[in-house]
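All remarks here apply to the structure that follows.
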There are 2 protein chains.
Amino acid sequence: MQTPTLRDVADAAGVHPATASRALNPATRGLVNADTARRVIKVAESLGYRPNPIARGLKTAKSGTVGLVIPDLTNPLFPPIVRGIEDVLEPAGYSGLIVNTDNDPGRERAQIEQLRSRQVEGLIIATALLDHPLLAQLRREGVLMVMVNRRPDGIDVPSITPDDATGVELAVRHLADLGHRRIAHLAGPLQTSTGLVRARAFRSAIRDRGLDDDPDLVEVCTYWSEEAGAVGLRTLLDRGTEFTAVVAGNDLIALGCYDVFAERGIDCPSEISVVGFNDMPFLDKLRPPLTTIAIPHQQIGAEAARLLLDAIADPARPARSVLLPLSLVVRGSTAPPR
Amino acid sequence: MQTPTLRDVADAAGVHPATASRALNPATRGLVNADTARRVIKVAESLGYRPNPIARGLKTAKSGTVGLVIPDLTNPLFPPIVRGIEDVLEPAGYSGLIVNTDNDPGRERAQIEQLRSRQVEGLIIATALLDHPLLAQLRREGVLMVMVNRRPDGIDVPSITPDDATGVELAVRHLADLGHRRIAHLAGPLQTSTGLVRARAFRSAIRDRGLDDDPDLVEVCTYWSEEAGAVGLRTLLDRGTEFTAVVAGNDLIALGCYDVFAERGIDCPSEISVVGFNDMPFLDKLRPPLTTIAIPHQQIGAEAARLLLDAIADPARPARSVLLPLSLVVRGSTAPPR
DNA sequence: CCTGTTGCTGCAATCGACTGCACAATCCGC
DNA sequence: GCGGATTGTGCAGTCGATTGCAGCAACAGG
């Protein structure tokens with residue numbers, strides 16, 4: 001015995017399938033006699049009827065799914081975001097289809113094509129790479145989208161981004177409060193919007209507080225990686241510029257600093273303080289535990305999902321964008337300068 | 001202009017939709033004149049035709065989706081598994097629908113119900129909790145399933161599990177080779193199959209190598225957590241039994257040991273060596289970097305997906321189960337005893 | 001020249017739910 | 001007691017692709 005269909009319910013309740021359909025759908029229930037509706041609903045329950053979303057989707061052109069485009073689920077940044085998204089999607093009767101692009105533009109195109117052919121109702125895009133032409137094209141074709149972690153410039157797409165500027169400000173203020181005057185910045189790649197925003201915010205935070213604003217104190221890393229962070233710090237150190245603290249572009253870069261500290265016998269935090277960015281898991285297990293800026297990843301995901309659901313409900317609504325506040329997590333890698 | 005439908009392709013190629021359908025489907029292509037087929041395929045390409053999986057699913061009763069039931073995506077254990085699954089699913093034209101159960105049986109039931117109503121063709125289950133009644137019921141109802149990380153006893157369901165026993169054996173051998181004779185074990189909860197299997201494997205590995213087999217050297221932790229690990233190690237220490245090395249049930253438990261070392265001023269590895277289990281990310285950043293047993297999570301996922309696809313292709317095939325080999329990753333937390 | 005194959009294509013029904021329209025029943029006021 | 005409004009329900013077509021069956025043409029064999 002298979003899952004019962006609408007027909008079965010209708011037969012059992014002694015009504016026409018059309019009537020059963022209307023009775024079961026809250027939006028059209030008003031068209032049906034209240035008694036009949038009740039009866040149909042009861043029968044449906046007793047039979048364990050579950051509407052077949054595939055059949056429904058065919059007629060209504062809605063699939064109840066949205067696509068999540070991320071670079072790599074394995075990157076600890078994304079699971080909390082995805083979790084936040086799912087937590088909002090699920091109660092709304094939607095599910096997410098995840099694709100990993102590995103930051104490969106070709107793959108990205110293909111995957112998005114896949115998602116579209118699966119009739120997703122919208123896209124949540126968390127990849128930085130996405131080239132504008134594709135984005136603009138999707139926009140033109142009326143594909144609903146929400147961007148995560150990245151502000152699309154020039155294109156009118158809703159986005160959720162952490163308030164990086166304030167985050168950096170928080171880090172700088174913390175170090176300044178501890179008494180640091182010469183603070184260095186290991187920036188992430190400036191091609192990424194995050195890298196750029198944080199680097200700019202760093203300069204202005206330094207100026208605002210009247211600290212030493214020396215271009216030599218900023219070094220740009222080629223990737224958001226540990227190795228790149230290590231290379232960056234070495235360059236900074238070898239340059240001979242004095243500094244007592246480092247604001248790293250993200251936690252991985254900060255981790256690279258740890259490697260250099262070990263390598264050169266530098267003590268953290270007594271000789272150099274470090275602040276990371278992201279609050280990845282297990283940072284508290286490091287020696288010393290890393291002080292960092294926490295990003296509410298799960299909230300970001302949840303907010304993104306909400307925005308997308310809004311857009312699905314009313315595609316005409318203008319693109320809204322959200323900036324989520326960050327917080328400083330003080331641990332052991334920061335201390336007053338000697 | 002919308003996505004072209006099969007009709008559009010057929011019209012453009014001057015054939016009947018039925019013929020177009022057959023030409024496009026590799027399985028039925030043989031029924032169509034080779035020239036016609038070629039022409040249809042060409043037209044389809046030039047129009048950018050993509051079959052609508054929803055419509056197809058309605059007729060064929062296949063959705064091209066499978067359900068992934070996991071406790072919590074945020075747990076670093078799962079992203080690589082999911083990634084491995086997706087990597088196999090995608091080229092096969094399938095997608096995975098992820099649900100998080102948070103180890104709540106009620107949620108688990110509801111979520112699985114959700115997945116079934118979405119017409120998933122099979123389930124990959126990675127939760128430990130899943131109570132047998134539900135499992136057995138699903139089995140009876142003909143739902144295709146594959147279990148990950150857990151061997152279903154008594155029920156005939158394919159499963160993919162890491163070869164825990166050999167893993168433990170590897171850890172013990174490594175310590176024995178370093179010269180340790182009195183090795184302790186901080187076991188995970190024995191209600192979990194993993195906890196039990198590892199604990200048993202520990203005893204037998206110890207015996208096999210003729211090391212000191214003292215019941216006092218084994219302590220069972222109440223959870224797979226850092227806190228529980230710390231509690232476990234304290235109990236072990238306070239008991240006064242001598243030992244120079246610890247095999248932890250998993251990495252989190254090992255992390256708990258680190259906390260106790262800091263607390264009591266014990267030096268690792270010179271006073272006590274520790275081996276973890278799982279090889280979570282960033283373990284190499286700890287002080288000292290944790291020696292551990294690496295589990296091929298991604299492969300586990302990939303293998304699970306393959307098994308499920310096999311089952312979908314031929315549901316009659318008997319349940320096959322796979323045991324995946326583990327490997328020892330030697331880092332800084334193990335050294336010869338003093 | 002007729003019958004019987006073989007090979008290809010078209011017709012139409014089907015999957016399950018939704019929905020515009022028509023029709024029936026009921027009720028109201030005059 | 002009749003016309004007209006108001007519910008409530010049924011009919012049938014639709015979404016897009018698949019598939020059993022029928023039909024048609026070409027061709028071989030007798």
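All heavy atoms count here, side chains included; hydrogens, waters and symmetry mates do not. So that the names make sense, note that chain A is the first sequence line, chain B the second, and so on, each numbered from 1.
Rounding to whole angstrom units, NZ of residue B:Lys62 and P of D:dA17 are separated by 18 Å. Following rounding to the nearest Å, B:Arg38 (CZ) and C:dC8 (P) show an atom-to-atom distance of 12 Å. Atom CZ of B:Arg39 and atom C1' of C:dC8 are 12 Å apart (whole Å). Distance A:Leu6 CG to D:dT14 C1': 15 Å, rounded to the nearest Å. As rounded to whole Å, 18 Å separates atom P of D:dT14 from atom CG of B:Asn52. Straight-line distance from the CG atom of A:Asn33 to the C1' atom of C:dA25: 12 Å, rounded to whole Å. One atom, CZ of A:Arg7, and another, C1' of C:dA17, lie 12 Å apart when rounded to the nearest Å. Taking atom NE2 of A:His16 as the reference point, atom C1' of C:dC23 lies 13 Å away to the nearest angstrom.
In terms of phosphate contacts, B:Ser21 brings a side-chain nitrogen or oxygen within less than 4.0 Å of OP1 or OP2 of D:dT18. Contact annotation: B:Thr36 side-chain N/O to C:dT9 OP1/OP2 distance is under 4.0 Å. OP1 or OP2 of C:dG16 has not a single side-chain nitrogen or oxygen of A:Arg56 nearer than 4.0 Å.
A donor-acceptor pair under 3.5 Å links the side-chain atoms of B:Arg139 to the main chain of B:Asp156, judged by distance alone. The main-chain N or O of B:Asn100 is found under 3.5 Å from a side-chain atom of B:Gln111 such that the two form a donor-acceptor pair. Of the possible donor and acceptor atoms, none in the side chain of B:Asn75 sits under 3.5 Å from a partner among the backbone N and O of B:Phe78.
If you check every strand for non-hydrogen atoms under 4.0 Å, B:Thr28 touches nothing. Residue B:Leu31 is classed as a base contact, given a heavy-atom separation below 4.0 Å to a base.
Taking 4.0 Å as the cut-off between side-chain N and carboxylate O, B:Arg83 and B:Asp87 count as a salt-bridged pair. Between B:Arg306 and B:Glu303, at least one side-chain N (NZ, or NE/NH1/NH2) sits under 4.0 Å from a carboxylate O, which counts as a salt bridge.
Counting atom types as modelled, A:Arg22 pairs no side-chain N or O with a base atom of D:dG8 as donor and acceptor under 3.5 Å.
Nucleotides of DNA chain C nearest to B:Gly30 and A:Leu58 differ in position, and the one nearer the 5' end is that of B:Gly30.
Closest to the side chain of A:Lys59, from the set D:dA17, C:dC18, D:dT9, is C:dC18. If you check C:dA12, D:dG10, C:dT9 against the side chain of B:Thr19, the one that comes closest is C:dT9.
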